[in-house]
4 protein chains.
Amino acid sequence: MTALPPRTRNRLAKERRILDSALKVFADQGYSGTSMDAIAALAGVSKPTLYQYFGSKEQLFGAIMAEQRDTMLGAFEEPDGLGLVPELWAFSWHYAGTVLRPEFLSLARLIIGEAQRFPEIGRAYQAAGPERMLAGMMDYLMARKAEGRLTFDDAEMAAEDLWGLVLSAPRNRALHDPENLPSRADLNRFITNGLRVFLKAYSTDPATDLAQLQALSEQGPAQGTP
Amino acid sequence: MTALPPRTRNRLAKERRILDSALKVFADQGYSGTSMDAIAALAGVSKPTLYQYFGSKEQLFGAIMAEQRDTMLGAFEEPDGLGLVPELWAFSWHYAGTVLRPEFLSLARLIIGEAQRFPEIGRAYQAAGPERMLAGMMDYLMARKAEGRLTFDDAEMAAEDLWGLVLSAPRNRALHDPENLPSRADLNRFITNGLRVFLKAYSTDPATDLAQLQALSEQGPAQGTP
Amino acid sequence: MTALPPRTRNRLAKERRILDSALKVFADQGYSGTSMDAIAALAGVSKPTLYQYFGSKEQLFGAIMAEQRDTMLGAFEEPDGLGLVPELWAFSWHYAGTVLRPEFLSLARLIIGEAQRFPEIGRAYQAAGPERMLAGMMDYLMARKAEGRLTFDDAEMAAEDLWGLVLSAPRNRALHDPENLPSRADLNRFITNGLRVFLKAYSTDPATDLAQLQALSEQGPAQGTP
Amino acid sequence: MTALPPRTRNRLAKERRILDSALKVFADQGYSGTSMDAIAALAGVSKPTLYQYFGSKEQLFGAIMAEQRDTMLGAFEEPDGLGLVPELWAFSWHYAGTVLRPEFLSLARLIIGEAQRFPEIGRAYQAAGPERMLAGMMDYLMARKAEGRLTFDDAEMAAEDLWGLVLSAPRNRALHDPENLPSRADLNRFITNGLRVFLKAYSTDPATDLAQLQALSEQGPAQGTP
DNA sequence: TATGAATGAGCATTCATTCAT
DNA sequence: CATGAATGAATGCTCATTCAT
């Protein structure tokens with residue numbers, strides 16, 4: 001990583017300020033509700049600068065979406081060898097901490113709200129976020145199946161089940177009601193219950209696993225999660 | 001219900017045309033993207049009439065949302081005594097047929113997209129739709145528990161699980177990608193799998209229930225569902 | 001011609017004010033140099049009203065040009081039986097009084113200046129103005145030929161010659177130099193000279209005709225011409 | 001003319017590129033329709049360079065016009081001793097080939113279109129082009145008069161007549177309708193006819209001259225004319 | 001000297017809203 | 001009661017011009 005010429009550094013900094021401001025305003029007001037003036041004001045640049053950097057409102061919107069999509073890549077990380085139940089537990093909390101963050105929810109609302117006008121963006125986001133996550137989860141679950149810890153026929157469905165059991169309910173609520181994010185206790189309830197059902201359906205040793213889950217649930221969230 | 005004077009009938013008809021047109025345009029273009037001109041044109045009335053009937057764009061939006069919320073009430077119907085598994089099966093297909101209808105999805109996208117600007121609306125919709133449905137489902141599940149057909153501790157969680165297992169995945173995809181609605185075969189896969197997991201976790205007689213589910217799955221969707 | 005409803009009368013009056021103002025501003029500033037604000041201000045209406053009446057700048061421009069084109073129709077009038085030379089004399093002065101009027105010149109400059117961007121308009125104006133005039137003149141000249149007063153082979157060329165001899169020089173100067181319109185005396189010189197050459201070339205009795213022309217020239221312009 | 005230092009050569013080359021590009025764009029889009037960006041892009045220089053070289057849009061426009069005016073000087077060349085009729089014939093074709101060239105017409109449209117906003121330019125162009133040409137022609141005609149080949153009182157009028165008879169019609173058409181330039185055959189008709197009228201009016205030996213003209217007309221355009 | 005980057009002011013156009021009829 | 005007509009205030013975007021480098 002070599003030093004950039006000052007021009008370039010300045011340009012990049014301004015580009016960053018514009019992108020950040022635009023994301024904020026778009027997420028807040030929607031595409032049509034957002035004015036280029038508002039973005040320029042928040043970024044502290046003039047309107048022509050906006051246009052010099054991004055060409056048009058639609059292109060600026062596209063640039064943000066592309067960036068957010070890229071940012072989302074690699075969200076799934078292989079867990080760290082704690083054993084099945086702690087891994088699922090950690091994963092659930094980690095993912096909840098990502099997916100229920102206010103900015104993440106705002107972005108999701110924006111994308112959903114504009115999906116009719118910008119279908120490619122909704123599709124691209126789907127491919128870069130949820131589908132990637134799903135693929136990672138499938139790999140993980142198949143590895144556990146190979147070890148004899150889980151049993152299922154259709155790995156994709158198993159991965160979907162995990163997500164649907166653990167996070168769909170709080171996320172749906174949060175999407176509709178931005179001001180009432182689930183509390184830590186709420187999440188504990190959703191996650192514990194979701195994993196319980198998952199393990200009942202898929203574990204090769206449900207009794208042990210459920211006991212371990214119960215213990216984790218009583219300790220509270222995994223460390224390092226919001 | 002007595003006959004209305006013609007003036008009133010006329011007024012009601014016009015009100016209806018306005019509401020229908022407005023819903024269509026709002027769902028299509030979002031709140032900010034919708035112009036009162038577009039609504040007036042589609043409804044075939046003049047703009048001042050719009051304002052006479054509904055006061056302002058925001059109030060018109062509110063009126064539509066209130067109406068849609070009311071329309072949604074009672075979406076849950078007690079099933080008809082076919083027994084647990086066919087009832088869950090029928091319910092899943094019926095609900096999928098509601099929730100994945102394009103107009104319903106458009107409305108949901110609209111509400112989610114505007115949830116930041118109109119938080120009461122998102123909240124109200126949540127209370128009138130999903131929560132009501134959830135309550136109905138809880139009652140149903142508790143009745144089955146009382147009959148000894150199901151076993152669980154937390155009825156709310158069980159109801160959430162059913163929804164999360166059966167419909168959250170296709171609905172989420174459809175929200176992001178309006179042009180790729182799930183096919184009948186896709187739905188069959190999601191519903192069959194979701195109910196299988198649900199029964200594994202909650203049925204008091206899983207072996208019998210899963211066999212019955214398998215039979216239904218091979219027959220295809222319940223009759224009368226889209 | 002029946003009385004119009006007041007709405008319509010009002011509308012027509014406003015339309016007229018807009019067209020007049022727009023013609024003035026366009027002729028003054030050219031198409032690109034004209035702002036809708038300037039037109040609206042001069043017409044005393046708001047900008048949206050402009051758009052309600054004429055849709056867009058380009059359409060407003062087109063409307064003006066169409067109207068001016070129609071106005072120009074019938075500019076050629078059969079002279080009134082004074083005999084060949086007085087008729088040509090009267091016609092020349094009448095036509096000079098039309099074609100060298102400042103507004104007419106401004107319009108011509110506008111059309112010529114925008115001919116590259118609006119080729120149909122230049123063409124349409126050509127067809128409605130000069131070509132129509134030419135056709136009228138051809139008819140007139142052919143009638144005089146039939147009477148034995150003139151002699152020529154190509155009536156179109158004869159008509160072009162008349163125009164080219166009498167008015168092309170002052171008009172060309174005026175097009176380039178709006179502030180120096182030819183004086184009455186200048187015109188007298190151009191017209192007298194042009195008709196003299198025309199008669200030398202085409203008259204069957206040049207001696208008599210030239211004498212008559214000389215007399216007219218000494219009396220000054222035909223009555224009723226500017 | 002000594003070698004210039006490279007800096008200066010570079011500067012001159014750049015100046016030239018700017019002037020050429022600007023002329024093209026101005027002629028195409030008119031003064032108001034032309035953006036400094038467009039000129040800079042076509043010239044391959046940056047906008048500040050434009051301003052450094054020419055100060056402002058208006059000054060750049062003035063510089064182009066001054067240059068074009070100078071370019072036009074000396075357009076009239078003494079003919080080469082072929083005798084009256086061939087000389088007039090050659091002159092007419094040569095002048096038609098200049099005045100009806102597309103770039104020349106574009107420039108004329110530009111000047112006429114902007115004559116109201118830039119009156120000095122129209123006036124200057126008039127003085128440098130047409131009037132100079134006219135003066136040359138007057139000298140030529142007076143020389144022929146001195147030789148007894150022509151007869152007239154007012155040399156200026158005779159010169160105007162020649163122009164008005166031969167070229168005003170095709171030029172006027174071309175000014176209004178840029179896409180329909182007159183064909184070679186059209187020009188032959190205009191020129192032959194115009195010279196015929198001129199000779200009838202001014203020649204001291206019309207019979208001989210008209211016969212010679214007829215022969216030239218049947219041979220077609222003078223050599224070396226477009 | 002030449003330029004990438006920046007901007008205040010202006011452009012055509014559209015919006016939610018309100019009179020006058 | 002309903003509407004044609006009107007408008008102040010934006011909106012997305014572009015322009016001639018000028019810094020900072």
Side-chain angles (χ1 to χ4, degrees), chain A residues 5-8 10-11 14-15 31-40 44-61, chain B residues 6-8 10-11 14 31-40 44-61, chain C residues 5-8 10-11 14-15 31-40 44-61, chain D residues 6-8 10-11 14 31-40 44-61:
Chain A
R7 279 287 178 72
T8 307
N10 206 326
R11 170 162 195 115
K14 202 165 280 195
E15 197 170 303
Y31 180 80
S32 302
T34 292
S35 84
M36 295 298 263
D37 273 299
I39 295 172
V45 301
S46 72
K47 236 182 332 166
T49 301
L50 238 60
Y51 281 87
Q52 211 151 21
Y53 277 66
F54 293 100
S56 74
K57 188 183 183 182
E58 198 162 333
Q59 285 173 58
L60 173 54
F61 186 70
Chain B
R7 281 290 176 74
T8 307
N10 207 331
R11 168 161 195 115
K14 205 167 278 194
Y31 179 79
S32 300
T34 292
S35 84
M36 295 297 263
D37 272 297
I39 296 172
V45 302
S46 74
K47 254 192 303 176
T49 301
L50 238 60
Y51 280 85
Q52 208 146 28
Y53 279 64
F54 294 99
S56 76
K57 189 184 183 182
E58 199 164 331
Q59 286 172 56
L60 173 53
F61 187 70
Chain C
R7 280 287 179 73
T8 306
N10 207 326
R11 170 162 196 115
K14 201 164 282 193
E15 198 170 303
Y31 180 79
S32 302
T34 292
S35 84
M36 294 299 264
D37 272 298
I39 296 171
V45 302
S46 73
K47 239 182 330 167
T49 300
L50 239 60
Y51 281 87
Q52 210 152 20
Y53 277 67
F54 293 100
S56 76
K57 189 183 183 183
E58 198 163 333
Q59 285 173 58
L60 174 53
F61 187 70
Chain D
R7 277 292 177 72
T8 307
N10 206 328
R11 168 162 195 115
K14 206 168 278 193
Y31 180 79
S32 301
T34 292
S35 84
M36 295 298 262
D37 273 297
I39 296 171
V45 302
S46 75
K47 253 190 306 175
T49 301
L50 238 60
Y51 281 85
Q52 210 146 25
Y53 279 64
F54 294 99
S56 75
K57 188 183 182 182
E58 199 163 332
Q59 286 172 57
L60 174 53
F61 186 70

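So you know, we letter chains A, B, ... as the sequences are listed, proteins then strands, and number each from 1.
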Minimum heavy-atom distance A40(C)-S46(C), with the two atoms named: CB-C, 4.1 Å
Please figure out whether G33(A) or G55(D) has its closest DNA chain F nucleotide nearer the 5' end.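 Result of the comparison: G33(A).
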5'-most contact on DNA chain F: M36(A) or S56(D), nearest heavy atom basis?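 In this pair, the answer is M36(A).
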Please state how far atom [atom1] in [X] lies from atom [atom2] in [N], giving the value in whole angstrom units.
X: K14(A); N: dA6(E); atom1: NZ; atom2: C1'; answer: 6 Å
X: D37(B); N: dT7(F); atom1: CG; atom2: C1'; answer: 13 Å
X: Y51(B); N: dG4(F); atom1: OH; atom2: P; answer: 16 Å
X: F54(A); N: dG12(F); atom1: CZ; atom2: C1'; answer: 17 Å
X: Q59(C); N: dT13(E); atom1: CD; atom2: P; answer: 9 Å
X: L50(C); N: dA5(F); atom1: CG; atom2: P; answer: 15 Å
X: Q52(C); N: dT7(F); atom1: CD; atom2: P; answer: 10 Å
X: I39(B); N: dT17(E); atom1: CD1; atom2: C1'; answer: 14 Å

dG4(E) OP1/OP2 closer than 4.0 Å to side-chain N/O of R11(A):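 Looking at the OP1 and OP2 atoms of dG4(E), neither is under 4.0 Å from any side-chain N or O of R11(A).
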Is there a side-chain contact between K47(A) and the phosphate of dG10(E), meaning an N or O under 4.0 Å from OP1 or OP2? no
Watson-Crick/G-U partner (both atom distances under 3.5 Å) of dA20(F):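 Checking every strand shown, dA20(F) finds its partner in dT3(E), with both distances under 3.5 Å.
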Does any nucleotide pair with dG8(E) by Watson-Crick or G-U wobble geometry, both distances under 3.5 Å, and what is it?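 Base-paired to dC15(F).
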Test: salt bridge (charged side-chain N to carboxylate O under 4.0 Å, His left out). Region: residues 49-59 of chain C. Which pairs qualify, not counting sequence neighbours?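 Non-adjacent pairs meeting salt bridge (charged side-chain N to carboxylate O under 4.0 Å, His left out): zero.
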Does T49(A) reach a base, just sugar-phosphate, or nothing at all? Heavy atoms under 4.0 Å.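 Result for T49(A) = base.
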Across the strands shown, which category fits S32(A) at heavy-atom distances under 4.0 angstrom: base, sugar-phosphate, nothing?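 Since no nucleic acid heavy atom lies under 4.0 Å of S32(A), the category is nothing.
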Selected nucleotide, minimal atom distance to P48(B) side chain, candidates dA5(E), dT3(F), dA12(E):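 Of the options given, the side chain of P48(B) lies nearest dT3(F).
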Closest to the V45(D) side chain, choosing from dT3(E), dA6(F), dT7(E): dT3(E)
Here the gap from Q52(A) atom CD to K47(A) atom NZ, rounded to the nearest 0.5 Å, amounts to 14.5 Å
Between OH of Y51(A) and CD of Q59(A), what distance do you get to the nearest 0.5 Å?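 One finds 10.5 Å between OH of Y51(A) and CD of Q59(A).
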Does K57(C) or Y53(D) map to a spot on DNA chain E nearer the 5' end, using the closest nucleotide for each?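 The answer here is Y53(D).
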For F54(D), give me all partners under side-chain contact (heavy atoms from CB on, under 4.5 Å), at least two apart in sequence or on another chain.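 Testing F54(D) for side-chain contact (heavy atoms from CB on, under 4.5 Å), a comparison that skips the adjacent residues, returns E15(D), I18(D), L19(D), L60(D), A63(D).
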